[in-house]
Amino acid sequence: MLKVENVTKYYDDFKAVDNLSFEVNKGEIFGLLGANGAGKTTTFRMIMNLLEPTSGKITLNGQVINYDITDKIGYLTEERSLLLKLTVKELMIYYASLKGMVKEDIENELKKWLKRFKIEEYENKKIKELSKGNKQKIQFISAIIHKPELLILDEPFSGLDPINVDMFIEVINELKENGTMIIFSSHQMNHVELFCEKLMILDHGKTILKGNLKDIKSNYDERKILVKADASKTELKKLKGVKNVLIKGDEIELSIEDKKYVESIFKYITKCKNVTKFEVVELSLHEIFTKEVGVRNEE
Ligand code: ATP
């Protein structure tokens, strides 16, 4: 288990991370989210032992993070940093040796992963000759080749086409099934919803939301109601609890302040003609993120 306990990080007198605590268990994908500058990279660097917390404690399977333990961690950084003049094989031998692997194992694992990602022919090609998506595959392989117990994925899908996104998703889910602890960070909330049961949102270093995605969504009182019926926008706007009405093609989307208004709105809709749809939906993570982070930055 990765345990981050009351971790604070100052850069001089600037507090970049403020009393952060979370846990990631084996076989769990944990979402660490936040707007630009929220403190995510600082947190990842402390987990990687590249930065020392000003206060607090980080442990992996009960051991305080140190240089030896970081061999058990894989980190796909947001910025893409490959050594362009090396070939794929040379690069992988360099990176994986730093993680304690021997040459023969590196070569075998590399072959396996290149085949899996359908880029076997690039083994002896220079990194600079690869397309953006293929460079991304190589960087991903370099983060997982040593079979890390903890894997940090910062924007793993940036620059990938939909087919490659699906390929990455399949591999990430397999790693999870095999017991890898995964921290997933992305500004693409739809990807986070796809993967993460547990998550936290940071803003200016502080935790503003934390918990199970399902609970976070159901505890949020606001709802959307999707309706297909002959109903007037003006009349719908007058209903109690309705904040906004949007017409989307043949569908009407009502934003309501609180789920307690669903019943009265339902009663109103049943009196309309040609009703073919009435669906109550929770806010998406994207909407919750925008509300939470937006509101705090206005305070
Ligand atoms: P992004 O999504 O943009 O990558 P982030 O959540 O990863 O952002 P961090 O890079 O951890 O955010 O930065 C958190 C805060 O700490 C920011 O205000 C940043 O300017 C500041 N910061 C980061 N590194 C340093 C440093 N070496 N010295 C001083 N301040 C820093």
Side-chain angles (χ1 to χ4, degrees), residues 22 28-38 40 155-158 160-162 165-166 169 172-173 184-204 206-299:
F22 63 90
E28 199 168 71
I29 306 185
F30 181 83
L32 187 64
L33 316 176
N36 295 124
K40 304 175 300 283
E155 292 291 357
F157 307 127
S158 70
L160 291 181
D161 65 40
V165 168
D166 285 350
I169 288 176
I172 294 168
N173 277 324
F184 181 81
S185 187
S186 174
H187 294 296
Q188 299 287 319
M189 295 300 142
N190 52 339
H191 287 148
V192 179
E193 290 214 43
L194 201 73
F195 275 132
C196 305
E197 279 170 37
K198 269 180 16 183
L199 59 90
M200 77 192 294
I201 301 179
L202 293 182
D203 188 35
H204 293 96
K206 283 195 166 68
T207 307
I208 56 169
L209 258 186
K210 184 174 160 185
N212 286 319
L213 177 60
K214 263 194 192 154
D215 297 340
I216 289 175
K217 288 178 84 168
S218 68
N219 289 341
Y220 229 81
D221 289 331
E222 289 183 37
R223 292 286 183 275
K224 291 242 169 86
I225 303 179
L226 310 176
V227 175
K228 279 187 189 173
D230 293 343
S232 130
K233 186 174 173 180
T234 331
E235 292 305 313
L236 288 171
K237 264 193 172 165
K238 288 185 201 158
L239 297 177
K240 200 157 182 221
V242 173
K243 286 202 316 180
N244 198 20
V245 181
L246 276 178
I247 308 292
K248 293 184 164 176
D250 62 347
E251 195 166 283
I252 307 166
E253 184 186 288
L254 307 176
S255 298
I256 61 164
E257 276 165 32
D258 195 296
K259 50 185 182 274
K260 69 181 179 194
Y261 295 110
V262 169
E263 208 175 319
S264 56
I265 295 168
F266 180 70
K267 277 187 187 145
Y268 175 86
I269 296 294
T270 54
K271 287 183 207 133
C272 296
K273 287 204 170 118
N274 297 318
V275 183
T276 53
K277 180 172 180 173
F278 184 93
E279 187 185 348
V280 183
V281 290
E282 292 171 338
L283 295 195
S284 67
L285 185 59
H286 180 99
E287 287 162 325
I288 293 174
F289 182 95
T290 312
K291 273 176 182 293
E292 287 294 323
V293 174
V295 166
R296 276 177 175 75
N297 287 329
E298 281 163 18
E299 279 169 359

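For the numbers below, each heavy atom of this structure counts, side chains included, while hydrogens, waters and symmetry mates do not.
Within a 6.0 Å sphere centred on NZ of Lys259, other residues, nucleotides and ligands contribute more than 12 heavy atoms. Other residues, nucleotides and ligands place more than 12 heavy atoms under 6.0 Å from the CD atom of Glu251. With a 6.0 Å radius and a threshold of 12 heavy atoms from other residues, nucleotides or ligands, Glu279 has its CD atom above the threshold.
Residues Glu197 and Leu213 form no side-chain contact, since every pair of their non-hydrogen atoms from C-beta on lies 4.5 Å or further apart. Using a 4.5 Å heavy-atom threshold, the side chains of Met200 and Leu32 count as touching. For the pair Tyr220 and Glu292, the minimum side-chain heavy-atom distance is below 4.5 Å. Looking only at side-chain heavy atoms (C-beta outward), Val262 and Phe278 come within less than 4.5 Å of each other. Between Leu199 and Leu285, the closest side-chain pair of non-hydrogen atoms falls below 4.5 Å. Contact check for Val192 versus Phe184: side-chain heavy atoms found under the 4.5 Å cut-off. Residues Leu283 and Lys224 are in side-chain contact: their nearest non-hydrogen atoms beyond the backbone lie under 4.5 Å apart. Put simply, the side chain of Val245 reaches to within 4.5 Å of the side chain of Ile252, judged on heavy atoms.
Separation of atoms CD1 (Ile225) and NZ (Lys277) is listed at 12.5 Å; rounding is to 0.5 Å. To the nearest 0.5 Å, atoms NE2 (His187) and OG (Ser158) are separated by 10.0 Å. Summarising the geometry, atom CG belonging to Leu246 is positioned 5.5 Å from atom CD belonging to Glu253; distances are rounded to the nearest 0.5 Å. Atom NZ of Lys210 is separated from atom CD1 of Ile201 by 13.0 Å, given to the nearest 0.5 angstrom. In this structure, CG on Asp258 lies 10.5 Å from NZ on Lys243, to the nearest 0.5 angstrom.
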Exercise for review: Decide side-chain contact (heavy atoms from CB on, under 4.5 Å) for Glu282 and Ser218; before the verdict, give the C-alpha distance in whole Å, the side-chain angles of both, and the deciding distance to 0.1 Å.
Suggested key: CA-CA 7 Å; Glu282 292 171 338; Ser218 68; 3.4 Å; yes
*Full working for side-chain contact (heavy atoms from CB on, under 4.5 Å) between Ile288 and Lys217*: CA-CA 8 Å; Ile288 293 174; Lys217 288 178 84 168; 3.9 Å; yes
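Side chains of Thr290 and Glu287: no donor on one and acceptor on the other come within 3.5 Å.
The aromatic rings of Phe157 and His191 sit perpendicular, their planes meeting at an angle over 60°, well past the 30° parallel limit.
The side chain to side chain contact (heavy atoms under 4.5 Å, CB included) test with Ile265 singles out one residue from Thr270, Val280, Leu254, Leu236, and that residue is Leu254.
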